[in-house]
2 protein chains.
Amino acid sequence: MNDDGPVAACPIGPVVDIVFSRWTTPILLTLHNDGRLRFVELHRRIGGVTAKVLTDRLRRLERDGLVTRTYFAEVPPRAEYEITELGRSLSPVFASLAAWQSEHLGEVEAARGRFEA
Amino acid sequence: MNDDGPVAACPIGPVVDIVFSRWTTPILLTLHNDGRLRFVELHRRIGGVTAKVLTDRLRRLERDGLVTRTYFAEVPPRAEYEITELGRSLSPVFASLAAWQSEHLGEVEAARGRFEA
DNA sequence: CTGTATCCATCTAGATACTG
DNA sequence: CAGTATCTAGATGGATACAG
């Protein structure tokens with residue numbers, strides 16, 4: 001949550017809150033690249049996150065309309081997650097981040113090296 | 001910090017950590033738009049953040065080469081912060097976020113409304 | 001003015017156990 | 001399998017006081 005304060009200082013606050021909460025980018029990218037996945041499979045591919053936290057993030061993404069959840073009350077039960085059109089529309093954002101990173105991450109690392117001294 | 005786990009799931013982890021820690025976007029945007037500013041002025045324009053936290057973020061941005069700090073040991077002292085070329089290179093990233101937000105934030109809010117029901 | 005030092009409230013996430 | 005419930009540890013941020 002970006003605090004209030006002069007909203008003018010951060011007009012992109014809302015989208016940052018929606019997209020860059022922890023674990024949301026790997027979730028969205030995985031669903032974007034790998035298509036519809038059930039819970040365990042998504043969990044396995046992301047790694048490092050607990051079921052509780054993954055569930056929380058997925059609920060939030062579902063609430064925001066970026067992901068859909070389809071539940072099958074079978075035995076054993078099955079839940080499938082899929083990215084929505086709205087979620088897919090974030091593609092250009094992720095592309096611009098990837099582009100910046102591949103072009104400039106080296107400079108950041110160099111700056112960090114200099115900063116040690 | 002995006003945990004480890006399969007890095008493949010989040011290739012943009014590093015840039016997300018660099019750019020989307022709390023308060024970093026308003027800091028970068030303010031310095032981008034308003035030019036070189038001294039500490040108090042920056043503090044005032046952002047609002048809602050304490051001096052301690054603002055200092056922390058600025059140090060981190062300085063370390064990463066996105067911002068420069070120039071200190072004048074006068075009485076009273078003066079410190080001026082300015083965005084670097086590297087920091088300015090984030091422009092397209094912010095532009096893509098702003099574009100997405102203006103196009104799709106309404107859909108997110110609609111989804112949230114639906115989710116209540 | 002430009003911070004730092006300290007302490008504390010809060011929030012998040014992780015571990016673990018358990019249910020339908 | 002797909003979660004939920006509970007508890008706790010650690011990180012983060014805020015309040016406050018103080019220093020150079």
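Residue numbering restarts at 1 for every chain, and letters A, B, ... go by the order of the sequence lines.
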### Task
Heavy atoms only: give me the nearest B:I46-B:I27 pair and the separation to one decimal.
CD1-CG1, 3.5 Å
### Query
NA contact type, B:Y81, heavy-atom cut-off 4.0 Å: base, sugar-phosphate, or nothing?
sugar-phosphate
### Task
Report the distance from atom CG of A:L58 to atom P of C:dA13, rounded to the nearest whole Å.
13 Å
### Query
Among the nucleotides C:dG3, D:dA2, D:dG3, which one has an atom lying closest to any side-chain atom of B:R59?
C:dG3
### Query
Between atom CD in A:E41 and atom C1' in D:dA2, what is the gap in whole Å?
14 Å
## Note on the structure
Students should find that the end-to-end axis angle of the helix from C:dC1-D:dG20 to C:dG20-D:dC1, with five pairs defining each axis and rounding to 10 degrees, is 40°
### B:E116/B:R112 ion pair, N-O < 4.0 Å
no
### Query
How close or far is atom C1' of D:dT12 from atom CZ of B:F20, stated in whole angstroms?
19 Å
### Message
Counting only side-chain heavy atoms from C-beta out, which of D:dA15, C:dA13, C:dC1 sits nearest to B:P76?
### Response
C:dC1
### Query
To the nearest angstrom, how far is B:D56 atom CG from D:dT12 atom C1'?
10 Å
### Query
Does any non-hydrogen side-chain atom of B:R78 lie less than 4.5 Å from one of B:E80?
yes
### Message
For a quick test of reading the model: is some side-chain N or O of A:R57 closer than 4.0 Å to OP1 or OP2 of C:dA13?
### Response
yes
### Message
Which is more 5' along DNA chain D, the nucleotide nearest B:S21 or the one nearest A:P77? Just name the residue.
### Response
A:P77
### Message
Can you classify the ring geometry of B:F39 versus B:Y81 as parallel (below 30°), tilted (30 to 60°) or perpendicular (above 60°)?
### Response
tilted
### Query
Hey, is the side chain of A:R22 poking within less than 4.0 Å of OP1 or OP2 on C:dT12, counting only N and O atoms?
no
### Query
Between atom CZ in A:R44 and atom P in D:dC1, what is the gap in whole Å?
12 Å
### Task
Ignoring backbone atoms, establish whether B:R78 has a side-chain N or O less than 4.0 Å from OP1 or OP2 of C:dG3.
no
### Task
Nearest whole angstrom, please: distance from the P of C:dT12 to the CG of A:L54.
17 Å
### Query
Whole Å only: how far is the CG atom of A:L42 from the P atom of D:dA2?
10 Å
## Note on the structure
Out of C:dG3, C:dA13, C:dC1, minimum distance to the side chain of B:R69 belongs to C:dG3
#### Entry: Interatomic distance, A:L37 CG vs D:dC1 P [rounded to whole Å]
15 Å
### Message
Just checking B:E85: does its CD atom have more than 12 heavy atoms from other residues, nucleotides or ligands closer to it than 6.0 angstrom?
### Response
no
### Query
Donor-acceptor pair under 3.5 Å: do we get one between B:K52's side chain and the base of D:dG14?
yes
### Task
Answer with yes or no whether the hydrophobic clustering places A:V67 together with B:L105; edges join I, L, V, M, F, W, Y residues whose side-chain heavy atoms lie under 4.5 Å apart.
yes
### Query
Where do A:G47 and A:W23 come nearest, in terms of heavy atoms and distance?
O-CZ3, 3.8 Å
